[in-house]
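Worksheet for the structure shown next.
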Amino acid sequence: MSSIQRLKGFQDVLPEDRQYWDYLMTKATDLARRYGFLRIDVPVLETNSLFERGVGTASDFFVKKEMYSIEEEDGEVVTMRPEFTAGLVRAYVQNGLHNWPQPVKLFTFGPIFRRERPQAGRFRQHSQFNCEIMGETDPMADLEVMLIAIGLYREIGYSDLTFQLNSIGCPVCKPGYLTALEAFLADHRENLSPTDRERLQRNPLRILDSKETGMEELLAGAPRTIDHLCDDCDSHFSELRRLLDVLEQSYTINHRLVRGIDYYTKTAFEVWDQRIGAQAALCGGGRYDGLAEAIGGPPTPGVGFGLGIERAVLGMKEEGLVPPAPPEPVVFVTHFSGETKVAAVKIASDLRGLGIGVRVAFAREKRSMKSQLREANKFPTRFAIIVGEDELAQGQVTVRSMAGGDQVQVPMADLGPWLQAAL
RNA sequence: GCGGGUGUAGCGUAGCGGUUAACGCGUCUGGUUGUGGCCCAGAAGACCGUGGGUUCGAAUCCCACCACUCGCCCCA
């Protein structure tokens, strides 16, 4: 057990699992394009201040403990992106996308990195599908990103998800809400667990999603964000709900769904699948009208979501959903080494040139036909091409049907067309 | 950082104090001369997570550590 091991919280995606990934990414790309989103890619590594400033001083927890950072020789600290949104907003500002026709709708895929303790559905490197709409305050934008998130799961065939929705206000109304919440919690201080008392100091909003026993009942009487919204946030939220209703998209108003950082505003939403364990959120999103400014850009509204690929795959497996298998070669070329091996290589190459997938038996020395056909049988082979000395002498090959075992002789020159007709 | 569970061949498991650690799947070879699947025969593959201890004897009991895993914390 001394061989080099994979890092904790990191994963190898083996071919079998990769099929799920490819399927999800194909579906997601297709769906996003149907809404007019454009693909963008941003670097994995960014200057640390992008995330420091984006995350805000209130939650320096991430910066200190959960980001992978390196100090360069010149003293600059660079960080493996722990999320997508900050980088996308940075790219929007830096490349002048605010001069494009607004809003700008972007999507991307890729890995993000967080040094967390791994558990079911949570890894230190995980991959996301992100969609963002920048430069638009209309609730229609909120609606569109939600529809993509929900639509993806629906088109893949998920049956048992819940769509959680809330509005957490903005810098105008959030302070008033926080005051009310803190007053309420102060009244119930004696009923709070030590963990929750700590939260009360650090980040009172987070008590709302506390898992401590008894909090369910206590929080039922807590003030709700949606009862403290300013006029702007309130009308935004009601219009969003009206649009969802018109589309008959069901949702659960979750008063305990929050975002811990200041630049998040108004809409917050998540898609849950209870069956994958404690990390039930398959997808989280919302509005971040304060982010562009926080990273030093012009004030720009934005809304979007991040959708975890690993969790989506876990969920697919729970649902019993199987991705379509990728195409595999159905032609297998066998030979008897020597000149026949050379001919086999040429034949395989010619067939591939015609767009036909082909495997050739690899053999340093002469290999028995039995072992070559056994190998062919391990794959979804439909035709085995036997290139032997006898055949070669007559300028033809034997084509064996793996289904029935019947064989025919085909002139080498006709093999391509013959197979194209047969496949 | 804090708890629970688990560590035996590539994978899934059995063995739970006594001799060369077993089974299934998988892998490889063979069952005459150039022919797969089924079947049959055989082979390779495990320092039984690591280190200590108890014992005449330990994969089996005890301790520690490590790894994996689930959960808490946190969750951009």
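Only this structure's heavy atoms are used, side chains among them; waters, hydrogens and symmetry mates stay out. Protein chains get the first letters and strands the later ones, always in sequence-line order, with residue 1 at the start of each.
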*C2(B) - base-pair partner by Watson-Crick or wobble geometry, distances under 3.5 Å*: G71(B)
*Could you tell me which nucleotide pairs with C23(B) by Watson-Crick or G-U wobble geometry, both distances under 3.5 Å, or answer none if nothing does?*
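Its partner is G12(B).
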Scan [X] against the nucleic acid and name what it touches under 4.0 Å (heavy atoms): base, sugar-phosphate only, or nothing.
X         : value
Gly405(A) : base
Asp390(A) : base
Ile112(A) : nothing
Tyr264(A) : sugar-phosphate

When you measure from the side chain of [X], which nucleotide among [options] comes out closest?
X         : options                : value
Glu391(A) : C28(B), C74(B), G34(B) : G34(B)
Thr195(A) : C73(B), C70(B), U27(B) : C73(B)
Arg400(A) : G71(B), G36(B), G34(B) : G36(B)
Arg374(A) : C72(B), C74(B), C39(B) : C39(B)
Lys366(A) : C72(B), G34(B), C70(B) : G34(B)

*Quickly work out the Asp196(A) CG to C72(B) C1' distance and round it to whole Å.*
12 Å
*What is the distance, rounded to the nearest whole Å, between atom OH of Tyr68(A) and atom C1' of C75(B)?*
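From Tyr68(A) OH to C75(B) C1': 15 Å.
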Looking only at N and O atoms, is any donor in the side chain of [X] or the base of [N] less than 3.5 Å from an acceptor on the other one?
X         : N      : result
Arg122(A) : C75(B) : yes
Gln5(A)   : G49(B) : no
Lys370(A) : G30(B) : no
Gln407(A) : U35(B) : yes
Asn377(A) : G37(B) : no
Arg259(A) : C75(B) : no

*Hey, which of these two, Lys211(A) or Glu389(A), hits RNA chain B nearer its 5' end, going by closest nucleotide?*
Glu389(A)
*Which residue, Leu373(A) or Arg311(A), contacts RNA chain B at a nucleotide closer to its 5' end, judged by nearest heavy atom?*
Leu373(A)
*Is the Trp418(A) ring parallel, tilted or perpendicular to the Phe383(A) ring (thresholds 30°, 60°)?*
perpendicular
*What is the ring orientation for His188(A) with Phe184(A), classed by angle as parallel under 30°, tilted 30 to 60°, or perpendicular over 60°?*
tilted
*Should we count CD of Glu216(A) as having more than 12 external heavy atoms under 6.0 Å?*
no
*Near Arg224(A) CZ, under 6.0 Å, is it more than 12 heavy atoms from other residues, nucleotides or ligands?*
no
Sticking with atom [atom1], work out how far [N] lies from [M], rounded to a whole angstrom.
N      : M      : atom1 : result
U55(B) : G49(B) : C1'   : 23 Å
U60(B) : A14(B) : C1'   : 13 Å
A67(B) : C28(B) : C1'   : 31 Å

*Any side-chain N or O of Lys8(A) less than 4.0 Å from the OP1 or OP2 oxygen of A67(B)?*
no
*Indicate whether OP1 or OP2 belonging to C73(B) is found under 4.0 Å from a side-chain N or O atom of Arg202(A).*
no
*Quick one: do the Glu132(A) and Asn130(A) side chains pair a donor with an acceptor below 3.5 Å?*
yes
*How far apart are the C-alpha atoms of Thr29(A) and Phe107(A), what are their side-chain angles, what is the distance that settles it, and do they pass the side-chain contact (heavy atoms from CB on, under 4.5 Å) test?*
CA-CA 8 Å; Thr29(A) 299; Phe107(A) 75 98; 3.9 Å; yes
